[in-house]
Amino acid sequence: MKLTLKIWRQKNNKAKGELKTYPIDGIEGDMSFLEMLDVLNEGLINKGEEPVVFDHDCREGICGSCSLQINGEPHGPDRLVTTCQLHMRMFNDGDTIVIEPFRAKAFPVIKDLVVDRSAFDRIQQAGGYISVNTSGNTIDANSIPVNKHDADESFNAAACIGCGACVAACKNASAMLFTSAKISQFALLPQGRIEATERALNMVKQMDLEGFGNCTNTGACEIECPKGITLVSIARMNREFMSASLEGPLSNVWSKKG
Amino acid sequence: MAILSSSIARKVAMALSGLFLVFFLAQHFTINITSVIDPDTFNSWSEFMGTNGVVQFILQPILIFGVVFHFVMGFVLEIRNRNSRKIKYKSFKWNTNSTWASQNMLISGAVILAFLGLHFYDFWVPEITNKYINVVPDDPTHYYTELVHKFESPVRIGLYCLAFILLALHLWHGFSSSFQSLGWNNKYSKGLRGFTKFYAIFIPLGFIFIALYLHFNQIH
Ligand code: SF4
Ligand code: FES
């Protein structure tokens, strides 16, 4: 099929970017969106032009690196798939496709379509872990009983690949779906309860510090999330945060400015 | 206000003040609907609200605080949210993943606020001036006559209807959304959401009905 691509080109973090138009031909419906961009880049390289820079790694929907705003939606028009799993058969011959980087103040553009998502790493580092004694006396996790429902819910939350589509889709560029998934995966397990109070307070505080917006429950994130994380997760985070604020060591929220 | 510096705390505060205003709306509607059913009841309930000390000096200030808080906090959040995406998308398909009402709470909120301005000018200001400044002798039947008089002008009726349509949209998203903000999202939420949507349509429609009814049944 024949397509017209409008792609955001930006030399570096400082430069002012713009949409550039690229006509492309010979695209098969079975190609993935990233393969289509590979074809484009091959052509650009052969012509001696600079290829379009985009993020990718696993190309099988598990790493969360691919992050493109395609025709106004993160990961494109299909549901529950990442950009690398998006097939070109979702588009028609003659379509114009606008490709932009994920936009948020907390996700600055590095080059072209690549954004810096290390804000997510810092949220994760603020509390998205459990502390386990690994001195040789480690208790096997399987010996701790967990009820099936909680285990399933926790696994569902753990499916979050940190792609940032939730932020990209949100009119407020809020990171609450991501943060809530990272809080939920532990909040539901006995191993996670031990540090639950600090985790909720610290991760939310870091999320705010990174400059993400505030959730207004539009629900755009859960529709666009490739891993099916839902608003139930955000509700859980709100509960975790409220109870943590009440019982927490008079930490960040009560005393200092967050 | 250190406690309100956190995003989730603000969200909870928006939800609580919103729910309070939803409750107030139901109470206001209950009184107003009596004007259609029986003017005497309307007068006596209004007289009670207008003269009762608890209502006047405790509940009324709480209500004003609730409205101002909800508005100011909503605005503060809106500014932060706008700042968190400095460079806008060239193409942004919000309508594929969310409703107009949820995306435009600021617009519906601003219209409701403008309406409150008119509402205060229409009823509250003359009422307070007469009561506490000019000290007009209290006539316990003036409420109904005044109400009907206000609904003479078709322009005012138009403005009222417009405002209530936007109130419906505001409630359509806001009412059920406040439970989500409070962390209440479980197997009962679907049923509750049904109720909130019903409320969002029913109450504004009821207010519109009252306005139209009084407009077309003017006492001469
Ligand atoms: S919650 Fe979903 S959209 Fe957000 S980062 Fe995780 S996987 Fe991506
Ligand atoms: S490249 Fe790994 S999820 Fe798309």
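Throughout, a chain's letter reflects where its sequence line sits, starting with A, and its residues are numbered from 1.
- Proximity to chain B (any heavy atom under 4.5 Å) is shown, for A:L231, by both the backbone and the side chain.
- Closest approach of A:C163 and A:S67 over heavy atoms only: O-CB, 4.2 Å.
- There is no contact between A:I70 and chain B, counting heavy-atom distances below 4.5 Å.
- Contacts between A:C170 and chain B at a heavy-atom distance below 4.5 Å involve the backbone alone (N, CA, C, O).
- The distance from atom CZ of A:F120 to atom CZ of A:F212, rounded to the nearest 0.5 Å, is 5.0 Å.
- Among A:E100, A:R239, A:K105, the residue making the largest number of heavy-atom pairs under 4.5 Å with chain B is A:E100.
- Most heavy-atom pairs under 4.5 Å with chain B, from the set A:N71, A:V98, A:T216: that is A:N71.
- In this structure, chain A has no heavy atom under 4.5 Å from any part of B:S189.
- The choice from B:S91, B:S102, B:A15 that makes the most heavy-atom pairs within less than 4.5 Å of chain A is B:S91.
- Put simply, the side chain of B:M14 does not reach to within 4.5 Å of the side chain of B:S178, judged on heavy atoms.
- Both the backbone and the side chain of A:V232 come within contact range of chain B, with heavy atoms under 4.5 Å apart.
- A cation-pi arrangement is found for B:K197 relative to B:W172, the charged atom lying closer than 6.0 Å to the ring centre and inside a 45° cone about the ring normal.
- Contacts with chain A were tallied for B:K93, B:Q103, B:R85; B:R85 has the most, counting heavy-atom pairs under 4.5 Å.
- No side-chain heavy atom of A:Q10 sits less than 4.5 Å from a side-chain heavy atom of A:K16.
- Atom CZ of residue B:F209 and atom CG of residue B:L212 lie 8.5 Å apart, to the nearest 0.5 angstrom.
- Aromatic ring pairs are classed by plane angle as parallel below 30°, tilted from 30° to 60° and perpendicular above 60°; the pair B:Y199 and B:F195 is tilted.
- Counting heavy-atom pairs closer than 4.5 Å to chain B, the top residue among A:E210, A:Q69, A:K6 is A:Q69.
- Interface remark: of the candidates A:G219, A:A168, A:A106, A:A168 forms the most heavy-atom pairs closer than 4.5 Å to chain B.
- For a residue to count as touching a neighbouring chain, one of its non-hydrogen atoms must lie under 4.5 Å from one of that chain's; by this rule B:L77 touches chain A with the side chain only.
- Of the two parts of A:P74, neither the backbone nor the side chain holds a non-hydrogen atom closer than 4.5 Å to a non-hydrogen atom of chain B.
- For the atom pair B:S108 OG and B:L113 CG, the distance stands at 11.5 Å (nearest 0.5 Å).
- Using modelled atom types, one finds no donor on one side chain facing an acceptor on the other under 3.5 Å when comparing B:Y188 with B:R193.
- Residues A:D150 and A:L188 have side chains in contact (heavy-atom distance under 4.5 Å, counting atoms from C-beta outward).
- With a threshold of 4.5 angstrom between heavy atoms, A:R236 does not approach chain B through any atom at all.
- The candidate from A:I223, A:N217, A:I234 with the greatest count of non-hydrogen atom pairs under 4.5 Å with chain B is A:N217.
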